[in-house]
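Letters A, B, ... mirror the listed sequences (proteins, then strands); counts begin at 1. On a predicted model such as this, the values are computed, not experimentally measured, just so you know.
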Amino acid sequence: MTRLRLDPRALPRELQDLQRRLADSTAQLPDAGELLLGPTPRERLLQRDGASLYRYHHPRPGAADGRAEGRDEAGAQAAGARLRTPLLIVYSLVNRPYVLDLLPGHSLIASLLEQGVPVYLLDWGRPLPADRDLGLDDYLLDQLPAAVAAVLADSGADSLSLMGICQGGTLALCHAALRPQPLRQLIVVSAPVDCRVERFPVARLAAGLDTAALAQVCAQLPGDWLRQFFVNLKPLALGLKKYLDLADLQGRDDELRLFAAMEHWIGDCPNLATRAFCEFVRDCFQRNLLVEGGMRVGGQAVDLRGIRQPLLNLVAERDHLVPPASSHALRGLIGSEDYTEASWDVGHIGLYVSQRAVGEVAETVASWLRERD
Amino acid sequence: MSGSGVSGADNPGDAWLTFLRAAAQGLGGGAATATDAEPGASAAADMAADMAAVWPRIGDAWLRACADLPGFAAVADADAAAAMPPPQQLAAPLRALLAELAATGSGPRDWLLRLAADWVQRQLGYWEQLARADATLDAATAAARLARCQAARDACAAHYAACLGRAAAALEARLDSAEAPIDSLRDYFDLWVDCFEREHALMLGDADFARDYAALLNSALLASSPVAESAADHDG
């Protein structure tokens, strides 16, 4: 017996109320120009083939707009001693890394700085059509080593920690296997590792992509295609319900700002260099070489057993893009005996956007790094 | 030294929000006025035809549900505008929908199915329209590529139709077993989305669907290429 009990007489009021709240919420949405995306001060240290290396600075305590200049000692002193070993973050080639420093209160980078972690970010940039031949070897054997060298030179340290997020986690693993020195510690976040696990729709759908044909006909993979692909993974929830749920955000300024910032970020999907995209799809999603062995970058073997640094694996347990099982598979694949996992009951982006999770993640990372600094 | 300050130029997410705000004005919400110069407004105007689909669909969802409920039609006929004043440009199509639903007498579940079917068709259509994007190809090559894309699209549409059927059955089961009565349209809609997404997630894990979806992407990406002929034109 159905429990549907819709009362026709009550529906006009419900509709009217919904309509009013939807209209008010959307009218209250801030414009992208008002959002102060990427609020944490930073300096560009290096620019190379479209990629940029940044050093971040903790804003002075009490800075009203989050943009005041100043080195990070003040904030670090509040949270504890500043770590000696710098942390270099690499993000996915898909989407832009400013999601890690999205808004005040929603910034993993700012939270890490508050914990005393010296933070650097390698931004892969936006490939141009002329960059169609950029491959994984260019990213892993040229751009990333150049960034590592620049971080060491800038910080005066003789080693660094590497944090890879999402696809950046997979790239970080490859880099650590290829260039173990001078990496001191390795952290991966929501990283796809085993692409044969159950309920991994991205890997499943990518399995049939004709990468040879794509490499032949496409100068770049347009970012809009990728955006469409990701929306299609949850078409009603992401295409309809999300906007209807705006009605519930009426008057909740922080959440409206976050909604607008996330819409901006989701829409800001850069084109991808075709060769690198095809190599990643072929070697990771289609052949699962990272797990099953035989992956090569620039002619060099990528063997995860060669990773002997301490490794922290952070997992989002409600991740619909990278299923937790894929990330958990890393246990047992690396050579290091110092392996730690931590997980949160959030979705893929939640680990570095959710206000609650961001603080906890930063604290976990800083604590883990501090024990090994 | 500065923050990363991100430009919103040509960002579809920003244009989308600009459109939403404009729609909100049409719905009578907020304090913005029609003369406010919105950054990115021209981009929003360019995309309006595409984006406008969302508001009507949300509106469709509610109005179709209301119109199909016993006894509601009389209320809706009299007070449709008061219950849900739509943007001016959407009023006529929404009223037409109400009339259509009154004539067919289909139930709420049917229109929820239609709503979802329309939406996934739209998603599939995104890939198909790529196949029409390049006008520089010779006619025979373009036609062959388009045909391949449409065949793949049809195969995917069949998967989605089956998925919708399973989702509808799941919705009925959930309604039967609900601990508390579902007495709000919003809860009803959310329940439907949950049922659909669960079935959709299962479909994404299905090898046959993955094969057909990959064929759609392959054919769409190939068809959108200006390359006159490639090995891919001759592969299955």
Before you tell me yes or no, could you show the steps for A/Asp123 and A/Arg44 under salt bridge (charged side-chain N to carboxylate O under 4.0 Å, His left out), namely the whole-Å CA-CA distance, both residues' side-chain angles and the distance that decides it to 0.1 Å? CA-CA 10 Å; A/Asp123 179 346; A/Arg44 180 153 60 196; over 6 Å; no
- Got a donor-acceptor contact below 3.5 angstrom from the A/Thr274 side chain to the A/Gln220 backbone?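 Pair found, side chain donor or acceptor close to backbone of A/Gln220.
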**Report entry** Expected output: side-chain A/Ser107 to main-chain A/Pro104 donor-acceptor under 3.5 Å
**Finding:**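 Not a single qualifying donor-acceptor pair exists.
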Under 4.5 Å from any heavy atom of chain B, what part of [X] do you find: side chain, backbone, both or neither?
| X | result |
| --- | --- |
| A/Leu233 | both |
| A/Ala207 | neither |
| A/Leu214 | side chain |
| A/Arg199 | side chain |
| A/Phe229 | both |

Quiz item: In terms of side-chain heavy atoms, does B/Asp212 have a donor or acceptor partner in B/His159 at a distance below 3.5 Å?
Solution: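 B/Asp212 vs B/His159: donor-acceptor pair found between side chains.
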### Residue B/Ala180 versus chain A: region with a heavy atom under 4.5 Å
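Backbone of B/Ala180 only, per the 4.5 Å heavy-atom cut-off to chain A.
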Please flag which part of B/Leu191 lies under 4.5 Å from any non-hydrogen atom of chain A: side chain, backbone, both or neither.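 No part of it gets close to chain A.
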(message) Looking only at heavy atoms and a cut-off of under 4.5 Å, which of B/Ala201, B/Ala173, B/Ala215, B/Ala178 has the most pairs with chain A?
(response)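 The candidate making the most pairs under 4.5 Å is B/Ala178.
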Mind ranking B/Leu204, B/Asp176, B/Leu202 by heavy-atom pairs under 4.5 Å with chain A and telling me who comes out on top?
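Heavy-atom pair counts peak at B/Asp176.
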- Could A/Asp253 and A/Arg257 be called an ion pair, given the rule that one side-chain N must be under 4.0 Å from one carboxylate O?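 Judged by the 4.0 Å cut-off on N to carboxylate O distance, A/Asp253 and A/Arg257 do not form a salt bridge.
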Run the salt-bridge test on A/Lys242 and A/Glu263 with the 4.0 Å N-O cut-off and return the result as yes or no.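 A salt bridge links A/Lys242 with A/Glu263.
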Q. Can we call the ring centroids of B/His200 and B/Tyr160 under 6.0 Å apart?
A.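 When the ring centroids of B/His200 and B/Tyr160 are compared, they turn out to be within the sub-6.0 Å range.
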